[in-house]
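Step one of this worksheet: look at the structure below.
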There are 2 protein chains.
Amino acid sequence: MLDETECEQARVGRDPAYDGRFFTGVRTTRIYCRPVCPVRPARGANVRFYPTAAAAESAGFRPCLRCRPETAPFCPAWNGSRTTTERALRLIDDGALDSDDASVEALATRLGIGARQLSRLFAKHVGASPTQVARTCRVQRAKRLIDATDLPMVEIATQAGFGSLRRFNTVFAEVYRRPPTAIRRQRPAEDPLTRRRDRAS
Amino acid sequence: MLDETECEQARVGRDPAYDGRFFTGVRTTRIYCRPVCPVRPARGANVRFYPTAAAAESAGFRPCLRCRPETAPFCPAWNGSRTTTERALRLIDDGALDSDDASVEALATRLGIGARQLSRLFAKHVGASPTQVARTCRVQRAKRLIDATDLPMVEIATQAGFGSLRRFNTVFAEVYRRPPTAIRRQRPAEDPLTRRRDRAS
DNA sequence: CGGAGGACGGAGTCCGAATCCGGCGAGCAC
DNA sequence: GTGCTCGCCGGATTCGGACTCCGTCCTCCG
C-alpha cells in the first residue's frame with residue numbers, strides 16, 4: 001500500500017499520477033474523492049485514506065459529485081471532459097468539419113455541448129482550436145495522397161477535404177514551407193510509366 | 001419618444017427605470033435586448049434604439065436569450081430571478097421553514113434551484129438569509145398572537161412556528177429587547193372575564 | 001460571414017466557520 | 001405550585017468563500 005504522507009502529498013498537489021491508486025474520505029462531510037478532485041483540498045486533520053472506492057463507501061462515505069470517484073476507471077465519466085474532447089478529435093479526423101455546410105456549432109451540438117465550451121475544451125486539452133485541428137488533418141491527408149498516389153493536385157485537394165485549390169496551396173505551404181509539388185518531386189522515383197499514366201488520368 | 005443620448009445613458013447604466021420603455025438592437029449580432037440586460041453592453045457605435053420589441057423584431061433582430069425582451073412585462077420571465085425570490089418569500093411566510101423536517105435545501109428544491117443559489121438570491125434581493133426571514137416571520141406571528149389572544153406562551157410559540165419554547169424566548173428577546181410576557185403586560189386592559197377564560201382553555 | 005477568444009453572469013459543489021436549535025435544569029415571579 | 005425566563009451545551013444546519021463549469025453575448029480578425 002501507499003505511505004500516509006505520500007498520499008497526503010499527492011492529495012494537496014492533485015497529482016494525476018496517483019489517480020485511482022487511493023481515495024480520500026473527508027470526515028466533516030462524509031464524502032470521498034479522487035486525488036485529482038478540483039475542489040479545494042480539505043484540511044489534513046479531517047482526511048482519511050482508502051485504497052479503493054469500495055472501502056471508502058463501506059466506511060460510510062458518499063462519492064463526490066465533482067470528481068466521480070465511484071465510476072470505474074476507464075468509464076467515460078472518469079476522464080471528465082477529456083473524453084468529449086477525444087470524441088471531437090476523432091470526428092474531426094473523420095471529416096466532421098470538412099464538408100461545406102459543416103460548422104463548429106454543428107459539431108458541438110453532436111457532442112451535446114455548446115460551441116463555446118468545445119472551444120474551451122480544445123484550448124485546454126489540445127492547445128489548438130477545432131478549425132486548426134481540422135486544417136492539420138486535411139494537410140496530413142493531402143500529404144499522404146501526394147506520397148502514395150500520382151493524382152493531380154486538384155483531386156488531392158478535394159479528397160483531402162479542402163474546399164478550393166487556393167486554400168489547399170496556401171495552407172500546405174504554411175505547414176511545409178514549400179508548395180505541394182515540391183514534396184512530390186522529392187519522392188524516390190518509381191516506375192516512370194505508372195507515374196505518367198496516373199498523372200494524365 | 002425618448003432622447004437618443006438619454007437611451008444611451010440608460011443602456012450603459014442598465015437603469016431599471018427605463019426597462020420596457022425602449023429596446024437596443026446590436027448591428028453586429030442582429031440581437032436586441034432590454035436596457036437591463038446583464039451582458040456586457042455593446043459598443044455604442046453598433047447600437048440602435050427601438051421603442052418596442054416588435055419594432056426591433058421587424059427590423060431583423062432576434063431577441064436576446066438572457067434578458068428575454070420578447071416576453072411581455074408581468075410575465076414571470078420578465079423579472080428573472082426576482083420572481084423566484086418572491087416565491088420563496090411567500091413560501092417562507094406560509095411556514096415552509098417552520099415544520100420540523102423542513103430545510104433550506106427542501107425549499108430550494110421546491111423552487112427548482114440549489115440551496116447555494118437560493119442563498120445568493122436572498123443575499124442579493126432581500127439582504128437576509130432564508131432562515132433569518134423565517135425567524136422574523138415567526139416573531140411577527142407570535143407578536144400578533146400575544147396582542148390578540150390570551151393563549152399561554154407555550155401555545156403561542158407552537159402556533160407561531162417555533163419548535164421549542166426555548167428558541168421562542170431567545171429569538172423574541174433579541175427582537176423586542178424584553179421577554180414575551182412584558183409585551184402582553186403593556187397591552188391595554190380588556191374584559192377580564194374573557195382574558196381569564198382564554199387563559200384557562 | 002464564421003471562427004476565436006474575452007467578459008460576464010448563473011449555477012452547482014465542497015469546505016470550514018458560524019449559527020441555529022432543542023433539551024435540561026435552575027432561578028424567578030405571581 | 002405553576003408557568004415563564006434564561007444559562008449552558010452538544011449536535012445539526014446554515015452561511016458564505018473559493019472554485020469550477022457552462023452558456024450567452026461581444027469584438028476582432030481572416
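A note on names: the letters A, B, ... follow the listed sequences, proteins ahead of strands, and every chain is numbered from 1.
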Shortest non-hydrogen contact from A:Thr24 to A:Arg11?
CG2-CD, 3.5 Å

What residues in residues 57-73 of chain B put a non-hydrogen atom under 4.0 Å from any atom of DNA chain D?
B:Arg62, B:Cys64, B:Leu65, B:Arg66

If we check ring pair (Phe, Tyr, Trp, His ring centres under 6.0 Å) with A:Phe49, which of these qualifies: A:Phe23, A:Tyr18, A:Phe22?
A:Phe22

Which atom of A:Ile92 lies closest to which atom of A:Pro130, heavy atoms considered:
CD1-O, 3.9 Å

Residue mapping more 5' on DNA chain D - nearest nucleotide basis, B:Val104 or B:Thr29
B:Val104

Regarding B:Asp101 and B:Ser103, is there a side-chain donor-to-acceptor distance under 3.5 Å anywhere?
no

Using atom CD1 of B:Ile113 as one end and atom P of C:dT13 as the other, report the distance to the nearest whole Å.
13 Å

note: A:Arg135, atom CZ; C:dG2, atom P; distance rounded to Å ~ 19 Å

Taking OP1 and OP2 of C:dG2, is either one under 4.0 Å from a side-chain nitrogen or oxygen of A:Thr131?
no

Reading DNA chain D from 5' onward, which residue's closest nucleotide shows up sooner: B:Phe168 or B:Ser103?
B:Phe168

Under 4.0 Å between a side-chain N/O of A:Asn46 and OP1 or OP2 of C:dC15, yes or no?
no

Report which part of the nucleic acid B:Ser81 touches: base, sugar-phosphate, or nothing (heavy-atom distance under 4.0 Å, all strands).
nothing

Side chain of B:Gln132, backbone of B:Ser129: donor and acceptor closer than 3.5 Å?
yes

Mind running a 4.0 Å heavy-atom check of residues 35-43 of chain B against DNA chain D and sending the residues that fall below it, in number order?
B:Val39, B:Arg40, B:Ala42, B:Arg43

Residues 111-126 of chain B side chain polar contacts: donor-acceptor under 3.5 Å, at least two apart:
unit_1: B:Gln117; atom_1: OE1; unit_2: B:Arg120; atom_2: NE; d: 3.0
unit_1: B:His125; atom_1: NE2; unit_2: B:Ser81; atom_2: OG; d: 3.1

Within residues 115-128 of chain B, which residues have any heavy atom lying less than 4.0 Å from an atom of DNA chain C?
B:Arg116, B:Gln117, B:Arg120

For DNA chain C, whose closest nucleotide is more 5', that of A:Ile31 or that of A:Ser129?
A:Ser129

Any donor-acceptor pair under 3.5 Å from A:Arg14 side chain to A:Val39 backbone
yes

Along DNA chain D, 5' to 3', what are the outermost nucleotides having an atom less than 4.0 Å from a heavy atom of chain B?
D:dC4 to D:dC28

Is B:Gln159 atom CD crowded by more than 12 heavy atoms from other residues, nucleotides or ligands, each under 6.0 Å away?
yes

Just jot down the salt bridge (Lys or Arg N to Asp or Glu O under 4.0 Å) partners of B:Glu174, sequence neighbours excluded, or say none.
B:Arg135

What do you reckon, is CZ of A:Arg62 surrounded by more than 12 foreign heavy atoms closer than 6.0 Å?
yes

Taking only residues two or more places apart in sequence or in another chain, which ones pass ring pair (Phe, Tyr, Trp, His ring centres under 6.0 Å) with B:Phe61?
B:Tyr50

Separation of C:dC15 atom C1' from A:Arg30 atom CZ, nearest Å, is 15 Å

Give the angle between the helix axes at the two ends of the helix from C:dC1-D:dG30 to C:dC30-D:dG1, taking five base pairs at each end and rounding to 10°.
40°

Pair up each side-chain donor or acceptor in residues 65-77 of chain B with any protein partner under 3.5 Å, not counting sequence neighbours, and list the distances.
unit_1: B:Arg68; atom_1: NH1; unit_2: B:Glu70; atom_2: OE2; d: 3.4
unit_1: B:Thr71; atom_1: OG1; unit_2: B:Arg68; atom_2: O; d: 2.9

For B:Arg27 and B:Asn46, indicate whether the former's side chain and the latter's backbone hold a donor-acceptor pair under 3.5 Å.
no

Residues which pass ring pair (Phe, Tyr, Trp, His ring centres under 6.0 Å) with A:Phe162, listed by chain and number, not counting sequence neighbours
A:Phe168

If the condition is salt bridge (Lys or Arg N to Asp or Glu O under 4.0 Å), which residues does B:Asp19 pass it with, not counting sequence neighbours?
B:Arg34

Any ion pair linking A:Arg138 and A:Asp93 (charged N to carboxylate O, less than 4.0 Å)?
no

Does B:Asp15 come within less than 4.0 Å of B:Arg21, counting only side-chain N to carboxylate O?
no

Atom CZ of B:Arg82 to atom P of C:dG10: distance rounded to whole Å?
14 Å

Base, sugar-phosphate, or nothing: which does A:Arg34 touch, judged by heavy atoms less than 4.0 Å apart?
nothing

With rounding to the nearest 0.5 angstrom, report the CG to CD1 distance, B:Asp147 to B:Ile183.
7.5 Å

In whole angstroms, how far is the C1' atom of C:dT13 from the OH atom of A:Tyr32?
16 Å

So that I can tick it off, tell me whether A:Arg90 and A:Asp94 are bridged by a salt bridge, with the cut-off set at under 4.0 angstrom between side-chain N and carboxylate O.
no

Letter per nucleotide, 5' to 3', of nucleotides 22-30 of chain C [B base touched, S only sugar-phosphate touched, - untouched; heavy atoms, 4.0 Å]:
BBB------

